[in-house]
Each structure stands twice: as C-alpha cells, then as structure tokens.
Amino acid sequence: MTFIDFRSDTVTKPTEEMRQAMLTAEVGDDVYGEDPTINRLEALAAKILGKEAALFVTSGTQGNQVAVLTHCRPGDEVILEAESHIFLYEGGASSALAGVQTRPIQGLRGALDPLDVKKAIRGEDIHYPYSGLICLENTHNKAGGKVVPVQTMKEIYEIAREKDVPVHLDGARLFNAAVALGVPVSELTQHVDTVQVCLSKGLSAPVGSILAGSQSFINEARKWRKRLGGGLRQAGVIAAPGIIALEKMIDRLAEDHANAQLLAEGLSTIPQLQVRVEEVETNIILCNIKETGLSNDQFLSKLKDAGILAVPFDDGIIRFVTHREVTNDMVQTAVETISGIL
Ligand SMILES: *Cc1c(COP(=O)(O)O)cnc(C)c1O
C-alpha cells in the first residue's frame with residue numbers, strides 16, 4: 001500500500017538530482033578540513049544565513065545542542081519557549097550534556113514576549129545562575145508551524161544585547177518562515193547570534209543540518225561537534241544534496257504552504273473536525289478531532305487503514321505536515337477519504 005504521508009516533512013526522499021550529486025561528489029577527509037563539497041556547503045550556507053561561518057552537523061538536535069554547549073557553561077540558565085523543540089523533544093540533552101538549567105516561558109503562537117524575556121534575564125545576585133542563552137524557534141513546530149514575526153525577534157535581540165546574553169535560533173523550518181513572509185532568510189537571522197537550519201526537512205536532503213554564527217563561535221562549535229562524535233570523514237557524499245537543497249529547494253516551499261491551506265480548508269469542512277484555517281501559516285496543520293469521539297490512536301489507525309498517515313500531537317490534536325511528496329491531488333484525495341471515514 002502506498003500512503004499519503006503527512007507525518008512530517010522529514011520523510012521527503014532525496015531528489016534524482018541529489019542522488020546524482022551524491023554519486024559524483026568530490027570528497028576528502030572533513031576532519032582535516034579537506035572535503036571540498038562540505039567546504040562548499042558550509043560557505044554557501046554561511047552566505048545565505050548572513051553569518052561569517054557555518055558548520056555541517058548530523059541533525060537539528062546536534063546543531064541545537066552544539067550551540068547550547070558552545071554558548072554556555074554548566075550551571076547557566078537557558079531561556080526558551082515552554083513548548084520549544086529544545087525543551088520538549090531533545091531528550092533533556094541541554095541538561096544531560098551541557099549541564100545547563102532550562103527556563104521555559106510560555107509564548108503566544110510560538111513567540112516569546114520580549115518583556116517576558118527581559119524579566120527572565122537574571123540580574124547580579126550570588127544566588128542566581130547566569131543567563132547563558134536565549135533560544136527562539138521559527139517556525140514554531142508545536143504552535144503549528146507559526147511564523148515568529150521579525151519585529152519580535154528584533155526586540156528580543158535588542159534586549160539580549162543590552163544584557164550581553166547571546167541568542168540562538170532553532171530554525172529547523174526557518175526557510176518556511178522566510179518563504180511565508182516573502183523575505184530573504186537573512187532578514188530573520190540578522191536578529192540572532194547563531195542559527196540552526198535543517199536540510200533534511202522540507203528541503204528534501206537526506207541528512208543534516210547547518211549551524212551558523214561568527215567565525216570564532218563556529219571554531220569552538222567544531223570542537224564540540226568532534227567531542228560528540230560528529231566529526232565526519234568523506235562527508236561530501238551527504239553534503240552534495242545539501243547544496244542542492246539550499247540552491248534549488250527553498251522557493252518551492254510555497255507549494256507546500258499552498259497545499260497546507262488546501263488541506264486545512266478541506267478538513268475544516270468536515271463537521272467533526274476543527275481546523276483554524278487562518279492559523280495555518282506554513283506547512284503544518286493542527287486538527288482537533290475531539291468531536292469525532294475517537295481517541296488519537298483510533299483516529300490515526302482508521303486513517304492508516306485508508307492509506308493516510310499523520311501523527312498525534314496533543315490530547316485530541318493531530319498534526320498534518322505538507323511537503324514535496326504530497327501533491328495537490330493527494331491532498332484532495334485525503335480530504336475525501338477522511339470525510340468518508342467520518
Ligand atoms: C525537527 C526539529 C528539530 C530537530 O531536528 P532533527 O534533525 O530531527 O534532530 C529541531 N527543532 C525543531 C523545531 C524541529 O522541528
């Protein structure tokens with residue numbers, strides 16, 4: 001059975017062009033800095049993200065955690081949004097690896113209120129931890145792919161700089177935010193010190209993320225990546241599709257956003273489902289299924305039997321994600337099928 005797979009944009013497979021690029025990639029030993037394809041990817045990523053330097057890392061989680069490790073010392077406090085990926089979904093790595101304490105703050109639609117950030121930054125007191133880092137997330141996954149406004153990021157960065165606290169951006173889906181806003185991604189990254197972006201989500205590369213920042217930050221991050229066992233050898237084989245991801249796969253995210261609108265509109269016409277179409281800003285749709293009387297598991301297993309995959313997100317909330325391998329026709333089929341089931 002072939003499924004219409006709305007579980008995540010991580011399921012996207014490399015394109016034919018990416019596979020060819022892998023086959024013919026020029027490679028060397030990246031731990032010696034000698035892999036020309038990795039070097040090309042890192043230079044390209046730094047340029048696009050408007051930072052001095054960039055580092056290829058194995059995953060978004062590794063990129064975020066290398067950032068925490070590089071910015072902080074054990075005992076520091078990291079200010080982040082209460083439903084952020086770093087707080088919810090990285091296995092407590094910040095505490096386990098960096099020895100930091102997290103300070104979750106409830107945001108609105110994924111965005112931290114700059115005044116709340118200001119209040120959370122610690123003053124001088126012998127009892128307090130140091131405020132080591134502020135983390136933002138854009139787009140915000142748990143909030144349903146919400147775009148954090150440029151103005152909010154700008155205000156938080158101004159406060160952070162005044163207090164000398166660095167800002168890291170978990171931009172796993174930052175290109176979705178940039179495409180939704182119709183701005184170059186550097187317009188967003190100018191308001192943070194460091195950023196992590198995933199190549200392996202909507203951009204369709206098979207593996208990897210980029211961590212970008214100042215040259216001195218990346219030099220230290222490279223050492224942390226090595227300590228974590230993330231120093232790779234002929235990594236050009238997996239960097240080659242990353243270059244295609246950055247050169248050719250960003251603009252097409254608009255199609256995923258259009259399909260997300262279509263899916264949201266379709267699902268919202270089904271009486272037992274609640275979808276706030278106006279809240280779908282990128283490629284993530286949150287669907288409230290409580291009125292179906294079904295549990296998440298029951299609902300998802302009925303969908304699976306009919307060839308549709310999605311994931312549970314919260315009590316009575318199912319997440320659908322659109323991506324390159326979900327076509328317009330598949331969205332229509334999915335809506336008709338789900339309507340039929342209910
Ligand atoms: C997917 C994701 C990550 C982690 O990426 P992995 O490559 O799966 O480790 C980090 N942050 C956000 C917001 C994500 O959606």
Side-chain angles (χ1 to χ4, degrees), residues 5-14 45 49 55-69 78 80-94 96-98 102 104 107 109-112 133-148 153 167-180 185 188-189 192 194-212 221 224-225 228-230 232 235 238-239 241-242 245-246 253 256 260 281-286 310-314 319-323:
D5 195 345
F6 293 108
R7 286 174 303 170
S8 177
D9 41 12
T10 56
V11 303
T12 46
K13 298 192 178 90
L49 294 167
L55 181 70
F56 180 78
V57 290
T58 55
S59 68
T61 302
Q62 190 180 61
N64 286 336
Q65 294 307 324
V66 165
V68 173
L69 284 158
V78 174
L80 36 60
E81 206 281 320
E83 300 213 295
S84 62
H85 195 281
I86 295 177
F87 184 64
L88 283 186
Y89 296 128
E90 300 190 6
S94 304
L97 305 178
T102 45
R109 302 155 62 87
L112 289 169
L133 182 64
I134 297 163
C135 292
L136 310 179
E137 183 175 317
N138 202 2
T139 62
H140 195 289
N141 172 43
K142 200 71 202 284
K146 291 283 187 306
V147 178
V148 175
M153 293 181 63
V167 180
H168 172 69
L169 173 59
D170 177 357
R173 296 191 179 86
L174 190 63
F175 292 106
N176 293 88
V179 166
V185 80
L188 294 156
T189 54
V192 296
T194 61
V195 55
Q196 180 276 121
V197 294
C198 286
L199 303 171
S200 59
K201 289 191 169 164
L203 301 186
S204 301
V207 184
S209 274
I210 293 291
L211 178 61
W224 270 114
R225 185 189 67 171
L228 295 176
L232 303 175
I238 48 176
L246 290 177
L253 294 174
D256 301 344
E281 297 178 356
T282 56
N283 67 331
I284 298 180
I285 297 118
L286 300 185
V311 293
F313 220 43
D314 254 327
R319 186 188 77 168
F320 294 79
V321 181
T322 56
H323 51 79

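One-based numbering, in listed order, for ligands and for the atoms of each. All residue numbers refer to positions in the sequence shown, counting from 1. Keep in mind that this is a model prediction, so the values were computed, not measured.
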Would you mind telling me if ligand 1 is within reach of the side chain of [X], the backbone, both or neither, using heavy atoms under 4.0 Å?
| X | answer |
| --- | --- |
| I86 | neither |
| A172 | side chain |
| R173 | side chain |

- Query: Could you go step by step and tell me if R109 and H140 meet the side chain to side chain contact (heavy atoms under 4.5 Å, CB included) rule?
  - Reply: CA-CA 8 Å; R109 302 155 62 87; H140 195 289; over 6 Å; no
- Task: Would you please test H323 and N283 for side-chain hydrogen bond (donor to acceptor under 3.5 Å, both in side chains) and show each step?
- Result: CA-CA 7 Å; H323 51 79; N283 67 331; over 6 Å; no
Suppose I only count heavy atoms of [X] and a 4.0 Å limit; which atoms of ligand 1 are within that range?
| X | result |
| --- | --- |
| E90 | 10 (C) |
| S59 | 7 (O), 9 (O) |
| G60 | 4 (C), 5 (O), 6 (P), 7 (O), 9 (O) |

- Are side-chain heavy atoms of R319 and S8 found at a separation under 4.5 Å? yes
- Heavy-atom check, side chain of T194 versus side chain of V167, under 4.5 Å: no
- Task: Look at atom 4 (C) of ligand 1 and say which protein heavy atom is nearest, naming residue and atom and giving the distance to 0.1 Å.
- Result: H85 CE1, 3.4 Å
- Report the C-alpha distance between L169 and E137 in whole Å, list the side-chain angles of each, state the deciding distance to 0.1 Å, and finish with yes or no for side chain to side chain contact (heavy atoms under 4.5 Å, CB included). CA-CA 6 Å; L169 173 59; E137 183 175 317; 5.7 Å; no
Can you find an N/O atom of [X] closer than 3.5 Å to an N/O atom of ligand 1?
| X | answer |
| --- | --- |
| D170 | yes |
| T61 | yes |
| E137 | no |

- Message: Apply side chain to side chain contact (heavy atoms under 4.5 Å, CB included) to residues F87 and V78 and explain how you reach the verdict.
- Response: CA-CA 10 Å; F87 184 64; V78 174; over 6 Å; no
- Message: Any donor-acceptor pair under 3.5 Å linking the side-chain atoms of H85 with those of E90?
- Response: yes
- Query: Can S209 and Q62 be counted as having a side-chain donor-acceptor contact under 3.5 angstrom?
  - Reply: no
- Task: Taking atom 7 (O) of ligand 1 as the reference point, report whether a protein heavy atom occurs under 4.0 Å from it.
- Result: yes
- Note on the structure: Checking heavy-atom distances from atom 14 (C) of ligand 1 to each of Q196, Q65, K201, H140, the winner is K201
